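One structure below.
From a predicted model like this one, the values you see are computed outputs, not experimental measurements. The analysis underlying the following values was restricted to heavy atoms, covering all of them including side chains, and did not include hydrogens, waters or symmetry mates.
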Amino acid sequence: MANKRLILGLFKSEELKNRFIFLLAALVVFRIGAHIPVPGVNAVALSDVYKGGQSGGILGMLNVFSGGSLERFSIFAIGIMPYISSSIIVQLASEIVPSLKALKKEGEAGRKIITKYTRLGAVILATLQGFVAATFVYQQGVVVIPQFEFYFLALICLVTGTMFLMWLGEQITERGIGNGISLIITAGIAAGIPSGVAHLWNMAVSDKLPSVLFITSSALALVYIVVYFEAALRKIPIHYAKRQQYSSNWQNSHLPFKLNMAGVIPPIFASSIILFPSTLISWLGGEYTWLQKFAIGLQHGSIVYILLFAGSIIFFCYFYTALVFSPKEMAENLKKSGAFVPGIRPGSHTSNYLEGVVLRLTLWGALYITVICLIPEFFTSFFNVSFALGGTSLLILVVVTMDFNTQISSYGMVRQYEHLMKRINSKQVH
């Protein structure tokens, strides 16, 4: 109740109103752009292709994240995913490549150079993904202009659309509320919810009401589970030697470690790595029937896909956590600040202890993400649910919504603090 009053009171702030209006306007622009088609494509024929189930693989995942833009082959068809992929690749490279690792330590100047590399990588990936998407559309026989002209216009429109979304996301982060890139992806996923609800309604009216009730209750249960695990923390108590000298009754601090430290990166990477080769094989297999059988074996719902997907998620959970978390560096920072974990000697002993804690958390976090991502796969296989509410989409929706709520609450805390300081200053003046 207190949090509700806090959020309602926030809208009395003129700054927050302006930020919220800017966020809504930016998302409206994103949804309008998702309906502006690339020139030279028969939109009706392309829609029939997707209705016929020819949109699997990596393109199906891109279509979900872009809010159906790929299905309409709009200027935002490949969405913001090239920028996300480039950011992840540069982030991983900055932990491995010495030159990039040195740039991270140079402060703002190094960060600007890394951002430049990220944007350049986004252009390259957008060009590659745009070419793949354009090739898929051209092979369906829905293009009404010459091939060279179509590829030229498609690449310009798709790459420019991705760069515009990247800029729009940065503007939302700076002038709106929350992380702009995450909110754009969330808006794209949320755009597919109405069609999913309509599909459930059609199932209900066609004497499949028990299945609809089971799917709905299971989806709500999954949302609750995701919220519960994403909010889970492992708090490691720490003591400060300098504070202990002056007071024996001081409150202990703690180091909070999330159960899911890798976020949604593992399932995104796992899906991309598995689906991209199978998509290319299904297009380029030609007369090689064994390649086509291999591609079919990697489609959603197959046993091979489920096993590879689960193994890839667990691998990337450990891999990404190992890259972004350095127990040795954290142990050194604790030692420099005069802090220590009770019962653990500073230095290498603390580093080994923190590493063991993170490894155990990563194991349970990887299992949790794997289960969440595989349950929708079983729903798709056994109940033939065609709308895309995959585990990755569900994770993104819930995690971004929780982060957005945290951002709103933090604005409220800042506003209360500023209001309190004004009252204190006014009393001092009088």
Side-chain angles (χ1 to χ4, degrees), residues 7 19-36 47 50 55 59-84 161-162 164-166 168-173 176-203 212 215-227 230 263-265 267-268 271 369 372-373 375-377 379-380 385-408:
I7 293 176
R19 286 180 173 273
F20 191 73
I21 292 173
F22 182 86
L23 171 62
L24 291 179
L27 294 180
V28 168
V29 170
F30 165 61
R31 292 310 302 157
I32 292 175
H35 290 80
I36 300 176
S47 178
Y50 271 84
S55 57
L59 296 182
M61 186 179 70
L62 290 175
N63 189 50
V64 173
F65 289 163
S66 63
S69 298
L70 188 58
E71 180 179 348
R72 293 180 287 270
F73 204 60
S74 74
I75 58 175
F76 294 159
I78 56 178
I80 198 68
M81 286 306 296
Y83 178 71
I84 296 292
T162 297
F164 176 79
L165 288 181
M166 179 186 71
L168 188 64
E170 293 175 350
Q171 294 302 309
I172 292 175
T173 303
I177 305 174
N179 184 284
I181 303 298
S182 300
L183 289 172
I184 287 176
I185 295 178
T186 304
I189 296 173
I193 293 179
S195 62
V197 173
H199 182 76
L200 286 177
W201 175 259
N202 293 333
M203 290 177 61
V212 172
I215 293 172
T216 304
S217 59
S218 299
L220 294 176
L222 282 177
V223 171
Y224 177 81
I225 293 172
V226 171
V227 172
E230 289 297 327
V264 297
I265 299 238
I268 291 177
S271 299
I369 296 178
I372 293 297
C373 291
I375 287 178
E377 293 292 334
F379 279 171
T380 303
V385 182
S386 61
F387 65 94
L389 187 61
T392 306
S393 304
L394 185 65
L395 280 172
I396 293 174
L397 283 173
V398 176
V399 171
V400 174
T401 302
M402 293 175 66
D403 289 341
F404 185 78
N405 181 61
T406 302
Q407 289 278 347
I408 294 291

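- By the 4.5 Å heavy-atom criterion applied to side chains, Tyr83 and Ile181 are counted as neighbours.
- The structure places OG1 of Thr401 at 8.5 Å from CG of Leu183, a figure rounded to the nearest 0.5 Å.
- In this structure, CG on Leu222 lies 5.0 Å from CD1 on Ile372, to the nearest 0.5 angstrom.
- Annotation: side chain of Val29 is in contact with side chain of Phe164 (closest heavy-atom distance under 4.5 Å).
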Test side-chain contact (heavy atoms from CB on, under 4.5 Å) applied to Leu168 and Phe76, step by step: CA-CA 12 Å; Leu168 188 64; Phe76 294 159; over 6 Å; no

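- Ile32 contributes atom CD1, which lies 7.5 Å from atom CD1 of Ile36 (distance to the nearest 0.5 angstrom).
- The distance from atom CD1 of Ile177 to atom CD1 of Ile21, rounded to the nearest 0.5 Å, is 10.0 Å.
- Proximity of Leu27 to Arg31: side-chain heavy atoms (C-beta onward) are nowhere separated by under 4.5 Å.
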Steps toward side-chain contact (heavy atoms from CB on, under 4.5 Å) verdict (Arg19, Leu23): CA-CA 6 Å; Arg19 286 180 173 273; Leu23 171 62; over 6 Å; no

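- Using a distance-only test at 3.5 Å, with no hydrogens or angles considered, no donor-acceptor pair links the side chain of Thr162 to the main chain of Ile80.
- The two residues Gly176 and Phe22 come nearest to each other via the heavy atoms N-CD2, 4.0 Å.
- Val197 places a side-chain heavy atom less than 4.5 Å from the side chain of Ile193.
- No option in Leu395, Ile369, Leu397 other than Leu395 meets the side chain to side chain contact (heavy atoms under 4.5 Å, CB included) test with Val226.
- Looking at Ile184 and Ile172, their side chains come closer than 4.5 Å, going by heavy atoms from C-beta outward.
- The minimum heavy-atom distance between Val400 and Ser182, with the atom names listed, is CG2-CB, 3.7 Å.
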